[in-house]
Amino acid sequence: MHDQPSRVPDAPELFTWEFATDPYPAYAWLREHAPVHRTRLPSGVEAWLVTRYADARQALADQRLSKNPAHHDEPAHAKGKTGIPGERKAELMTHLLNIDPPDHTRLRRLVSKAFTPRRVAEFAPRVQELTDRLIDGFARRGSADLIHEFAFPLPIHAICDMLGVPREDQDDFRDWAGMMIRHGGGPRGGVARSVKKMRGYLADLIHRKREAPGDDLISGLIKASDHGEHLTENEAAAMAFILLFAGFETTVNLIGNGTYALLRNPEQRGRLQDSLAADETGLLATGVEELLRYDGPVELATWRFATEPLTLGGRDIAAGDPVLVVLAAADRDPARFAEPDTLDLARRDNQHLGYGHGIHYCLGAPLARLEGQTALATLLTRLPDLRLAVDPSELRWRGGLIMRGLRTLPVEFTPR
């Protein structure tokens, strides 16, 4: 009698609500059985998903995979369904997530002059002040929704301050940003309207900063020049927009997902609280990197399009095909990380892909680290008995393709 060939189990269903709650088992299946997998996304667009660490790292740095949507061989039904809703119409396409060298090289160099690590470091007291003020708002109550009352307002006010958006205008920004987040998995029209309003506001703000520059990021973007080259008004608006867009929802999710992971792993959280009480910062620094790896804010890297036929993970990809690198899957690859499904805040060998890799490595990583470390350290120190106020099964994750984040995070604690 012949041995039956072992049957590969059926592929898991992707992009359902169950999948959004915990995508990691499905990603483990893909890594093992279909590491480069062609699938139809909820939008109807067909794309390749890359799930193994080695393939993901290669794809993120591969010059044949362009960031420019002009390379998408898109059928009519897919028009405008990649990228950020509304950015095309609002003339906000010329930002770092959508362009390749040499334009990318020039723009990134100009922006780097304005967005320096020194500027981020000088911003630390302001981030601490914002963090404390937000916690003051609910500390006496003994309960809070950490997404809406903490993780959401902190980065929006921080990035607005950094860009130079006057305090009296920041509530408008908060509304537009809220619309972007709420519609992450829903109709694109609401997001596009917010993008349009933001675009109008930024154009006006850039105009005002040209007349009267200050010591802020937008003034820095306008001033930054390279061999006499400046950012055009469109480029400056697109740049300010993407710093806001990319620097805000990612940090909301870093704080939200990170806090949730700590609440679900009490032993790790206890170690972190002990080290903070002893005034040590080492475990906080490695801990935030581990939280980024374990359940990071960006599930899939932003869109890439093959400019020529290429082979990736043994699969032939045609010119014009969209490729999505699944950072969440790559960062739990057992071929790269020991015990990848275990949260280990002291993990040393942690070259995670949470901030990307290659020329598109996240420009805002120093700011995200600062905000994540400040938020988590202050929360755990000021509210030491923080606990979930609902059963984990009641929590809902926002639908959407690129980002991974909770809609709400209800918590309880002893009023302070």
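Here the structure is a predicted model, which is why all the values come from computation and not from measurement.
Aromatic rings from Phe173 and Phe248 are positioned such that their centres are separated by 6.0 Å or more.
At least one donor-acceptor pair closer than 3.5 Å links the side chain of Lys67 to the backbone N or O of Trp303. Listed for the Arg293 side chain is a donor-acceptor partner under 3.5 Å among the backbone atoms of Pro340. Remark: the backbone N or O of Ser219 is paired with a side-chain donor or acceptor of Asp216 at under 3.5 angstrom. Judged by distance alone, the side chain of Asp316 and the main-chain N or O of Thr311 form no donor-acceptor pair under 3.5 Å. In this structure a side-chain-to-backbone donor-acceptor pair under 3.5 Å is missing from Gln128 to Pro125. Proximity of a side-chain donor or acceptor of Glu149 to a complementary backbone N or O of Asp145 within less than 3.5 Å is detected. A distance-only check finds no donor-acceptor pair linking the side chain of Asp321 to the backbone of Ala306 [under 3.5 Å]. Judged by distance alone, with hydrogens and angles left aside, the side-chain atoms of Thr378 form no donor-acceptor pair with the main-chain N or O of Ala375 at under 3.5 Å.
Annotation: cation-pi geometry satisfied between Arg404 and Trp397 (NZ/CZ under 6.0 angstrom from ring centroid, within 45° of ring axis). For the pair Arg332 and Tyr24, the cation-pi criterion (under 6.0 Å, within 45° of the ring axis) is fulfilled.
Between Leu291 and Leu345 the shortest side-chain heavy-atom distance falls below 4.5 Å. A heavy-atom distance below 4.5 Å is found between the side chains of Arg336 and Gln351. Side-chain contact between Ile402 and Val298 is present, with heavy atoms from C-beta onward closer than 4.5 Å. The shortest distance between side-chain heavy atoms of Asp344 and Asn350 does not fall below 4.5 Å.
The pair Asp55-Arg57 does not meet the salt-bridge criterion, since no charged nitrogen lies less than 4.0 angstrom from a carboxylate oxygen. For Arg348 and Glu290, the salt-bridge test fails: no basic side-chain N is under 4.0 Å from an acidic carboxylate O.
Side-chain atoms of Asn234 and Arg199 form a donor-acceptor pair, as typed in the model, at a separation below 3.5 Å. Judged by distance alone, the side chains of Tyr294 and Asp331 never bring a donor and an acceptor atom under 3.5 Å apart. Between the side chains of Asp169 and Tyr201, at least one donor N or O lies within less than 3.5 Å of an accepting N or O. There is a side-chain donor-acceptor pair under 3.5 Å between Tyr260 and Arg264. Side chain to side chain, Arg174 and Gln170 fail the donor-acceptor criterion of an N or O pair below 3.5 Å. Checking Asp100 against Gln63 by side-chain atom types alone, no donor-acceptor pair falls below 3.5 Å.
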Output, in order, the C-alpha distance, side-chain angles, deciding distance and verdict of side chain to side chain contact (heavy atoms under 4.5 Å, CB included) for Met162 and Phe123. CA-CA 8 Å; Met162 211 166 192; Phe123 200 57; 4.1 Å; yes

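Take Arg304 and apply the salt bridge (charged side-chain N to carboxylate O under 4.0 Å, His left out) test, not counting sequence neighbours, and it matches no residue.
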